[in-house]
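Before we start, here is the structure in question, set down as structure tokens.
Predicted model only: the values in this text are computed from it and were never measured.
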Amino acid sequence: MSLGAKYPISALPLPPLSTLLIKRLTPDPNTPSITAFREVQKKNPSIQRRARILSPESHFSHISPCPLPFPYDIEPPEDQDPAEVDKGSVIENWLAAREPVLPQPPPSKFPDAPLRKYLPENRDQPLDLIGISETGLRDCAPHLDVGDAFQVIGAPSLSDEFSDEGDGAPSDIEDARAARQDLVEVLSGHAMLMSEDFAPWSMRYSGHQFGSWAGQLGDGRAISVLVTPNPKTGEAWEFQLKGAGRTPFSRSADGLAVLRSSIREYLCSEAMQALQIPTTRSLSLISLPALPVARERMETACVMTRVAPSFIRIGNFEALNGPQNMFFFGGGQQKPDLEALRILGEYVSKEVLKLDVKDGEAWGEKLVLDVAERNAKMVAGWQAYGFMHGVINTDNVSILGLTIDYGPYAFMDVFDTLHICNHTDQSGRYAYKYQPNMIVYALRALLNALAPVIGAEKDKFEGKAVPQGWAKDATDEQIEAWSEKGKELRGEVERIVQETCANEYVQLLRKRLGLWKSDQDQNQIFQPLLDIMETHHLDFHITFRNLIDFDAKWDVMASEPDAPIQLFTTRLLKATPASETLNREEAESQWQNWLKVYAGRINSEVSEGLWGEPEKANAVRKEEMRLANPRFILRQWLLEEVIQKVERDSTSGKRVLAKVMQMASNPFEAWGAEGDEQSEEELSKEEREERRYCGIGDEKMLGFQ
């Protein structure tokens, strides 16, 4: 693969087949091979769409994307007596006509492409490219040729989205149009890529939801359709369609996603990446405007493509050795399969986490501790940047420590440690303050699942990896003893999470405040600052951004109204929507005391030469802080407004969406002419809109769930 070469999506290279998940893990017996899967598509396609409990040894099932309204509206043949109709055959024939089974010729310039594209015989529906992530494309698949996709979307704009100037239009170049059409067909779920060695799949997993065991869950509306190596880094990236139709894990749901939720995940994935918080990435957003989806109201379908090195989560391990003899509401749960647990663990250790484990060496403990460290760093980023996930169920916690499954998330507005962003979380289990605890809870579930492996590696196999068939002849008592031995690691797991999270959090806040060294920061600097924000209902991100302009040389005790410190304190207090109830005297006093300590700390570091030459130190600090404190944040009011614009008119709305993605991917820029002393009237229309999008917004949307 040439470093600078570009490929249409149906010609993208694959990584070595031996590294693929579908070659290393165990498939559903209903689709035991790709050859068998092809037969299922033609003769028994409903097996892909029927909710069912997979066989205990299975890790995944081959699935074709098939976004259709559900329940399916299948009419019997008009020319047959209803009493004589074989309903089963009618259903299978109806689904088979909508399966992507018609092979297409490879792109003319890539006759040896490793995969072939397949289209359905009877599933025509409009496909509208709503968005494509420039940063996701750049970082994950720089060799993917998207053709004229950006040109078709149009020029990003908040203020002139209805103007003809900047409107999207297709290219005059046939190859560019063809590459974009190829992209849209595959990433909308309309077409499927397959070969004798590769076919799409959905994963089986289980999990604890809101602290209760839920049994088998799985990829109910997610289908992995492609894996390709980044030519610059060599790292393989998995492309997963979210909302591409039912799978065996859909239970009673439709397997679809709506435009609203898809836009939220599409934007936030790249916003988190820009804040350097580990996350899955977004690549594209394709609306299916003729496909209705019933939610609280009737909405339209949308397929979002997200990418990651792997989408394996803690729930994948729980599926193979979850809690036993528990009553729960759900679709059921298989008995443990410890051999399947070994197979998954070995694959994850070597191919996903890439642990430094030699052949035959014990991997169980290293896997758990590595996952603990990764997730501790992730949740520290959440806390430092005021991100709330909303649903930290164990099936939503990534093995790689990536933020995954963006649902009812929110970024902090007015600082509130107990804020709950999910309206279904009535007990506050996943409130901002408790997020690190919930990551610990999830890691305990991972340890419990792997405990017999860890215990056996320590006990019976004396530091060696458990071999094939390791638990076949073990008694229940022996397995329980190994589990208890493995669970002795619990204290170490919790220590790693607590220490790693605390260290990472302190480091991030120090960066946000422009501090170089560690010196009792939590008690003297960080907590008092957060207390001021919470007491006086100050906006979390605007307060941090304002502190960039604090000059430690000011006389912080000056009381004259025009003193720099007084003007600055007034500015700090404007970052509240509750100015009429603000206790200004108390707030000013608390700010004055805190700024005195803060200034002393800054001046001490400058005098020690930690920021370079003293005359340049302030400018260096300010720039470091500017690159750590976002000007733009994906606030709830803003997301709601963007969603409404795209729903109302996709042609103009996609230009707004493109601009918001641009801002989310570059959050530290001075959007809205930040710092410019011109009046609002003197700013351009676009700058005024940028400034509005960087604001707190309507007070009624603060804390929106």
Test item: Leu402 and Phe311 side chains (from C-beta on) under 4.5 Å apart, heavy atoms: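 No, their side chains stay 4.5 Å or more apart.
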Electrostatic pair Glu674-Arg626, nearest N-O below 4.0 angstrom: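 No, Glu674 and Arg626 are not salt-bridged.
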N-O pairing of Glu605 and Arg510 below 4.0 Å: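 Looking at Glu605 and Arg510, the cut-off is not met.
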NZ or CZ of Arg306 within 45° of Tyr406 ring axis and under 6.0 Å: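 Negative - Arg306 is either too far from the ring of Tyr406 or too far off its axis.
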Donor-acceptor pair, side chain of Glu690 and main chain of Gly672, under 3.5 angstrom: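 Yes, Glu690 side chain to Gly672 backbone: donor-acceptor pair under 3.5 Å.
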Nearest-0.5 Å distance that lies between atom CD1 in Ile525 and atom CD in Gln527: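 Answer for the CD1-CD pair, Ile525 versus Gln527, is 12.0 Å.
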Expected output: side-chain Gln273 to main-chain Arg281 donor-acceptor under 3.5 Å: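 Side chain of Gln273 to backbone of Arg281, a donor-acceptor pair under 3.5 Å: no, none is there.
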Derivation of the salt bridge (Lys or Arg N to Asp or Glu O under 4.0 Å) call for Arg295 and Asp254: CA-CA 10 Å; Arg295 293 294 184 261; Asp254 54 25; 2.8 Å; yes
Within-4.5 Å side-chain heavy-atom neighbours: Val348 and Phe317: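 Result yes, sub-4.5 Å side-chain heavy-atom pair found.
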Donor-acceptor pair, side chain of Ser589 and main chain of Glu586, under 3.5 angstrom: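 Side chain of Ser589 to backbone of Glu586, a donor-acceptor pair under 3.5 Å: no, none is there.
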Parallel, tilted or perpendicular: rings of Phe526 and Tyr505 (30°, 60°):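 The arrangement is perpendicular - the two ring planes meet at more than 60°.
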Student check: side-chain heavy atoms of Val497 and Asn375 closer than 4.5 Å: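 A side-chain contact is absent here, since even the closest heavy-atom pair is not under 4.5 Å.
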side-chain contact (heavy atoms from CB on, under 4.5 Å) evaluation trace for Val391 with Asp405: CA-CA 9 Å; Val391 199; Asp405 291 341; over 6 Å; no
Ser650 side chain to Val646 backbone, donor-acceptor under 3.5 Å: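 Between the backbone of Val646 and the side chain of Ser650 there is no qualifying donor-acceptor contact (under 3.5 Å).
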Heavy-atom neighbours of Lys596 NZ exceed 12 at 6.0 Å: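 Count not over threshold, so no.
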Asp676 with Arg691: basic N within carboxylate O range, under 4.0 Å: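 A salt bridge is absent here (no side-chain N lies under 4.0 Å from a carboxylate O).
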Thr394 side chain to Ala442 backbone, donor-acceptor under 3.5 Å: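 The answer is no, because no donor-acceptor pair under 3.5 Å joins these two groups.
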Side chains of Gln592 and Thr569, donor plus acceptor under 3.5 Å: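 There is no such pair between these side chains.
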Side-chain touch Leu595/Leu547, heavy atoms, less than 4.5 angstrom: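 Yes; the side chains approach each other to less than 4.5 Å.
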Student check: side-chain heavy atoms of Pro309 and Trp237 closer than 4.5 Å: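 In contact.
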Distance, nearest 0.5 Å, that separates CG of Leu515 from CE of Met625: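 Answer for the CG-CE pair, Leu515 versus Met625, is 8.0 Å.
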Test item: side-chain donor near acceptor, Glu318 and Ser206, under 3.5 Å: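 No donor-acceptor contact under 3.5 Å links the two side chains.
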Whether Trp382 and His389 hold their rings parallel, tilted or perpendicular, with breakpoints at 30° and 60°: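 Judged by the thresholds at 30° and 60°, the geometry between Trp382 and His389 is parallel.
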Smallest separation among heavy atoms of Ser261 and Val258, with atom names: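 Here Ser261 and Val258 meet closest at OG-O, 3.3 Å.
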Trace of the side-chain contact (heavy atoms from CB on, under 4.5 Å) decision for Thr280 with Gln240: CA-CA 10 Å; Thr280 57; Gln240 189 174 82; over 6 Å; no
Minimal non-hydrogen separation, Leu582 against Ala587, with atom names: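 In terms of heavy atoms, the two residues are closest at CD1-CB, 4.2 Å.
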Exam field: side chain Glu299 to backbone Val293, donor-acceptor pair closer than 3.5 Å: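 No; judged by distance alone, with no hydrogens or angles, the pair does not exist.
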Carboxylate-amine/guanidinium contact Arg495 Glu492, below 4.0 Å: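 Between Glu492 and Arg495 there is a salt bridge, with a charged N closer than 4.0 Å to a carboxylate O.
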Audit row: Tyr430, Asn393, side-chain contact (heavy atoms from CB on, under 4.5 Å) steps and yes/no: CA-CA 9 Å; Tyr430 298 136; Asn393 297 331; 2.7 Å; yes
Side chains of Leu285 and Ile263 in contact at under 4.5 Å (non-hydrogen atoms):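 Side chain of Leu285 against side chain of Ile263, heavy atoms only: contact under 4.5 Å found.
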Side-chain (Tyr385) to main-chain (Leu508) donor-acceptor, under 3.5 angstrom: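 Looks like no, no N/O pair under 3.5 Å.
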Candidate pair Tyr266 and Leu657, rule side-chain contact (heavy atoms from CB on, under 4.5 Å), full reasoning: CA-CA 10 Å; Tyr266 172 73; Leu657 180 65; 4.2 Å; yes
Separation of Tyr693 OH from Lys659 NZ (nearest 0.5 Å):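 The OH atom of Tyr693 is 10.0 Å from NZ of Lys659, to the nearest 0.5 Å.
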Contact check, side chains of Glu641 and Arg692, non-hydrogen atoms, under 4.5 Å: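 Sidechains of Arg692 and Glu641: in contact.
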Check ion pair Asp649-Arg655 (N to O, under 4.0 angstrom):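 Salt bridge: no.
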Between CD1 on residue Ile130 and OG on residue Ser284, distance to nearest 0.5 Å: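 The OG atom of Ser284 is 11.0 Å from CD1 of Ile130, to the nearest 0.5 Å.
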Validation row: Arg635, Asp539 side chains within 4.5 angstrom (heavy atoms):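 A side-chain contact under 4.5 Å exists here.
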Atom pair CG/CG of Leu367 and Leu447 - distance to nearest 0.5 Å: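 If I round to the nearest 0.5 Å, the distance is 11.0 Å.
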Salt bridge (Lys or Arg N to Asp or Glu O under 4.0 Å) assessment of Arg138 paired with Glu134: CA-CA 6 Å; Arg138 177 197 69 197; Glu134 188 173 356; over 6 Å; no
Side-chain (Tyr432) to main-chain (Gln383) donor-acceptor, under 3.5 angstrom: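 Confirmed, Tyr432 side chain pairs with Gln383 backbone.
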Tyr409 six-ring centre to Arg264 NZ/CZ under 6.0 Å and within 45° of normal: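 Yes, a cation-pi geometry.
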Short side-chain donor-acceptor distance under 3.5 Å, Ser159 and Glu689: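 No, Ser159 and Glu689 have no side-chain donor paired with an acceptor closer than 3.5 Å.
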Donor-acceptor pair between Gln662 and Asn666 side chains, under 3.5 angstrom: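 No, Asn666 and Gln662 have no side-chain donor paired with an acceptor closer than 3.5 Å.
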Basic-acidic side-chain contact under 4.0 Å: Glu373, Lys377: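 Yes.
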For Arg374 against Gly401, the heavy-atom pair lying closest together: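 That closest heavy-atom pairing would be CB-CA, 3.9 Å.
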Minimum-distance pair of heavy atoms, taken over all atoms of Ser157 and Glu686: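 Heavy atoms only, the tightest pair is OG-OE1, 3.4 Å.
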Closest non-hydrogen atom pair between Thr279 and Ser269, with its separation: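 Looking at all heavy atoms of both residues, the closest pair is CG2-O, 3.4 Å.
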Donor-acceptor pair between Arg512 and Asn629 side chains, under 3.5 angstrom: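 Distance-only check passes for Arg512 and Asn629.
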Backbone N/O of Gln216 and side chain of Gln333: donor-acceptor pair under 3.5 Å: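 Yes: the side chain of Gln333 pairs with the backbone of Gln216.
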Under 3.5 Å donor-acceptor, Asp395 side chain and Gly218 backbone: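 No: the side chain of Asp395 does not pair with the backbone of Gly218.
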From Tyr434 atom OH to Arg429 atom CZ, the distance as rounded to the nearest 0.5 Å: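 Rounded to the nearest 0.5 Å, the OH-CZ separation comes out at 12.0 Å.
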Considering all heavy atoms, the nearest Thr135-Ser665 contact: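 What the structure gives for the nearest pair is OG1-OG, 3.5 Å.
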